[in-house]
A.B. asks: 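Have a look at this one.
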Amino acid sequence: MQILTDIKYWFKRHWIAVVSTTAALVVVGAGTWVLQIDSAHGINRLSRNTSVTGELAITEPAPLTGVEVDPSIARRPVIGVMIENSPDARPQSGLDSAGVVFEAVAEGGITRFLALYQDRSPSKIGPIRSLRPYYVDWFMGFDAAIAHVGGSAQALNMLPARNAKTLNQFAHSGPYYRSSDRYAPHNMYSSITDLRNLAINLGYRTSSFKEIPRSEPDPVDSSSASRITINYSSSLYQAQFRYDPKENNYIRYMAGSPHIDRETGEPIRVENVVIINMPSGQNGQYVVMDSIGSSSATLFKDGRRQNATWRQTSYNNRIELLDSSGKQIPLAKGDTWFAILTSGRNFEVQ
């Protein structure tokens, strides 16, 4: 077993899948055996895999989701996309592939999504719309490059002042196109691969942000928080997350119906739902948020509810969730949805 010990410490902090046809590891019957080693906890599990070939396969967690991927995928730049959520924009394309989503009111009670991508690359994403200032704080916290079609004057002024990684369609039209089956402005689309290539060509080759602590799956036997209803504004934008104990994740509903992705036909599912209470106000038609700061939050994962505090100290540091002792709360491996509630709005749990 010395060879296993050597491998574990050589690849410290990464998961290793070791596949061998030699005597160093055991092959039993048809197929190969895959040995996964966790540097913190030793051998995790030994399982049969008939599709893996070769002698050594290495994976590491994607920083955005914690899901094990090829190292080249884990080192991709994070791509952020501003996605519309007015009724004319539904159903959206590619939203179910986002690793992290921030949902907040843009104006007039209409919510808009900041979707972040790293380990998945949907071929159609949109409709893509404009940027607002608080989304700038959020995407920059993940060192992402942002795809958007213009924005408010304040948001656009923030981009050069902060040296933000912008993929503005006004300046870089190449990856963007208008679909003929919807009318403008609800028909601007792109693909994550094309947006990532643009980002790389502009020199945005990596994304670096503070590591997100992760927890192993620990589903509750019987959930007392199986249905979360979020009241952003009117019933048209009421969101709901329903816990699925079989899959140990949450199915998203929008305006009373499952929120379906247009391309896959499947409902959006996430492993973590984070409700953020955001101090906010109004400046003319625009919402104003204290997105750099701290306030209360609630985390839902594994069918459980946990009270928390959110904190973002600057636009260069991602948003964090803290427990009562000030320690970061681990998120489940998988996708995370941040629901941003402005002052006076509420949510209900059943």
Side-chain angles (χ1 to χ4, degrees), residues 79-98 101-117 120-136 138-139 144-160 164-199 201-202 232-239 252 254-255 257-266 268 282-287 340:
I79 304 298
V81 185
M82 291 303 308
I83 301 179
E84 184 183 3
N85 191 34
S86 68
D88 290 326
R90 302 174 190 169
Q92 294 87 359
S93 297
L95 193 56
D96 66 342
S97 296
V101 176
F102 288 84
E103 181 179 12
V105 171
E107 57 264 344
I110 302 172
T111 65
R112 191 164 292 183
F113 309 121
L114 165 62
L116 302 179
Y117 299 83
R120 283 159 291 174
S121 303
S123 59
K124 187 174 183 180
I125 179 74
I128 304 174
R129 290 297 297 273
S130 58
L131 192 59
R132 298 294 179 267
Y134 32 93
Y135 295 109
V136 179
W138 296 328
F139 85 75
I146 184 67
H148 59 109
V149 184
S152 68
Q154 183 182 357
L156 293 178
N157 287 336
M158 293 167 71
L159 300 177
K165 301 175 179 179
T166 173
L167 309 177
N168 191 354
Q169 188 268 342
F170 289 178
H172 308 284
S173 61
Y176 299 87
Y177 65 93
R178 290 203 179 272
S179 173
S180 61
D181 58 353
R182 286 180 172 173
Y183 61 88
H186 316 291
N187 63 345
M188 184 70 79
Y189 292 88
S190 187
S191 77
I192 293 299
T193 297
D194 288 344
L195 292 170
R196 183 181 297 116
N197 288 338
L198 171 60
N201 288 337
L202 292 172
Y232 289 105
S233 55
S234 69
S235 59
L236 277 176
Y237 302 96
Q238 185 185 73
R252 178 178 161 85
M254 171 60 62
S257 300
H259 193 164
I260 303 297
D261 187 90
R262 191 183 193 192
E263 305 310 308
T264 65
E266 296 295 326
I268 295 170
Q282 198 77 22
N283 182 13
Q285 65 174 320
Y286 293 117
V287 176
I340 313 298

A.B. asks: Give me the atom names and distance for the closest heavy-atom approach of Ala144 to Lys165.
C.D. replies: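 Nearest pair, atom of Ala144 first, then Lys165: O-CB, 3.6 Å.
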A.B. asks: If you take all heavy atoms of Tyr237 and Ser86, which pair is closest and at what distance?
C.D. replies: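 Result for this residue pair: OH-CA, 4.0 Å.
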A.B. asks: Answer yes or no: is there a side-chain heavy-atom contact under 4.5 Å between Tyr286 and Gln154?
C.D. replies: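 Tyr286 vs Gln154: side chains apart.
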A.B. asks: Over all heavy atoms of both residues, which pair between Thr193 and Ser121 is shortest? Give the atoms and the distance, please.
C.D. replies: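 Heavy atoms of Thr193 and Ser121 come nearest at OG1-CB, 3.8 Å.
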A.B. asks: To the nearest 0.5 Å, tell me how far Tyr177 OH sits from Asp194 CG.
C.D. replies: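 Reported value, rounded in 0.5 Å steps: 9.0 Å.
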A.B. asks: Side chain of Arg262, backbone of Arg90: donor and acceptor closer than 3.5 Å?
C.D. replies: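 No; zero donor-acceptor contacts below 3.5 Å.
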A.B. asks: Less than 4.5 Å apart, any side-chain heavy atom of Asp96 and any of Arg120?
C.D. replies: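 Side chain of Asp96 against side chain of Arg120, heavy atoms only: no contact under 4.5 Å found.
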A.B. asks: Quick one: do Ile268 and Met254 satisfy side chain to side chain contact (heavy atoms under 4.5 Å, CB included)? Show the steps, please.
C.D. replies: CA-CA 10 Å; Ile268 295 170; Met254 171 60 62; over 6 Å; no
A.B. asks: Provide the closest heavy-atom pair for Ile340 versus Ala104 in the form atom of the first, atom of the second, distance.
C.D. replies: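 Where Ile340 meets Ala104 most closely, the heavy atoms are CB-CB, 3.8 Å.
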A.B. asks: With distance as the sole test, does Gln282 use its side chain to make a donor-acceptor pair with the main-chain N or O of Gln285 at under 3.5 Å?
C.D. replies: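 Checking the backbone N and O of Gln285 against the side chain of Gln282, a donor-acceptor pair under 3.5 Å is found.
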A.B. asks: Sequence neighbours excluded, which residues qualify as side chain to side chain contact (heavy atoms under 4.5 Å, CB included) partners of Val105?
C.D. replies: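 For Val105, the residues satisfying side chain to side chain contact (heavy atoms under 4.5 Å, CB included) (neighbours in sequence not counted) are Thr111, Tyr232, Val287.
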A.B. asks: Which heavy-atom pair separates Ser123 from Ser191 by the least distance, and what is that distance?
C.D. replies: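 Here Ser123 and Ser191 meet closest at O-CB, 3.1 Å.
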A.B. asks: Where the side chain of Asp261 meets the backbone of Glu266, is there a donor-acceptor pair that is under 3.5 Å apart?
C.D. replies: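 Looks like no, no N/O pair under 3.5 Å.
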A.B. asks: At what distance, to the nearest 0.5 angstrom, does CG of Leu198 lie from CG of Leu167?
C.D. replies: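 Going from the CG atom of Leu198 to the CG atom of Leu167 covers 5.0 Å.
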A.B. asks: Given 3.5 Å as the limit, does a donor-acceptor pair link the side chain of Tyr135 with the main chain of Arg112, or not?
C.D. replies: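 Such a contact is found between Tyr135 side chain and Arg112 backbone.
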A.B. asks: Quick check on side chain to side chain contact (heavy atoms under 4.5 Å, CB included): which of Ile79, Leu114, Asn168, Val81 does Ile146 satisfy it with?
C.D. replies: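 Of all the options given, the one that passes is Leu114.
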A.B. asks: Looking at side-chain heavy atoms only, is the closest gap between Leu95 and His259 below 4.5 Å?
C.D. replies: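 Yes, their side chains come closer than 4.5 Å.
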A.B. asks: For a quick test of reading the model, state the closest non-hydrogen atom pair linking Ala115 to Ala98 and the distance between them.
C.D. replies: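 Closest pair (atom of Ala115, atom of Ala98, distance): CB-CB, 3.8 Å.
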A.B. asks: Quick one: pull up CZ in Arg132 and CG in Leu156 and give me the separation to the nearest 0.5 Å.
C.D. replies: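 Reported value, rounded in 0.5 Å steps: 9.0 Å.
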A.B. asks: Strictly distance-based, threshold 3.5 Å: is any side-chain N or O of Tyr176 a donor or acceptor partner for the main-chain N or O of Val149?
C.D. replies: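 No: the side chain of Tyr176 does not pair with the backbone of Val149.
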A.B. asks: Do Pro122 and Ser93 come close enough that some side-chain heavy atom pair is under 4.5 Å?
C.D. replies: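 The answer is no; the side chains never approach within 4.5 Å.
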A.B. asks: Hey, does Leu202 have a side-chain heavy atom less than 4.5 Å from the side chain of His172?
C.D. replies: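 A side-chain contact under 4.5 Å exists here.
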A.B. asks: Kindly compute the distance separating CG (Asn85) from CZ (Arg129), expressed to the nearest 0.5 Å.
C.D. replies: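 Rounded to the nearest 0.5 Å, the CG-CZ separation comes to 11.5 Å.
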A.B. asks: Could you give the distance from CZ (Arg196) to OH (Tyr117), rounded to the nearest 0.5 Å?
C.D. replies: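 Between atom CZ of Arg196 and atom OH of Tyr117 there are 11.0 Å.
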A.B. asks: In chain order, what residues pass the ring pair (Phe, Tyr, Trp, His ring centres under 6.0 Å) check against Tyr134, with sequence neighbours excluded?
C.D. replies: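 Once residues adjacent in sequence are excluded, the partners of Tyr134 under the ring pair (Phe, Tyr, Trp, His ring centres under 6.0 Å) criterion are Trp138.
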A.B. asks: For the residue pair Leu236 and Pro87, establish whether any side-chain heavy-atom pair is separated by less than 4.5 Å.
C.D. replies: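 Yes, their side chains come closer than 4.5 Å.
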A.B. asks: Between Arg252 and Glu103, does a side chain to side chain contact (heavy atoms under 4.5 Å, CB included) hold up when you go through it step by step?
C.D. replies: CA-CA 12 Å; Arg252 178 178 161 85; Glu103 181 179 12; 3.0 Å; yes
A.B. asks: Working to the nearest 0.5 Å, report the span between CE of Met188 and OG of Ser179.
C.D. replies: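 It is 11.0 Å, given to the nearest 0.5 Å.
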A.B. asks: For Glu84 and Arg182: C-alpha separation, side-chain torsions, deciding distance, then whether salt bridge (charged side-chain N to carboxylate O under 4.0 Å, His left out) applies.
C.D. replies: CA-CA 13 Å; Glu84 184 183 3; Arg182 286 180 172 173; over 6 Å; no
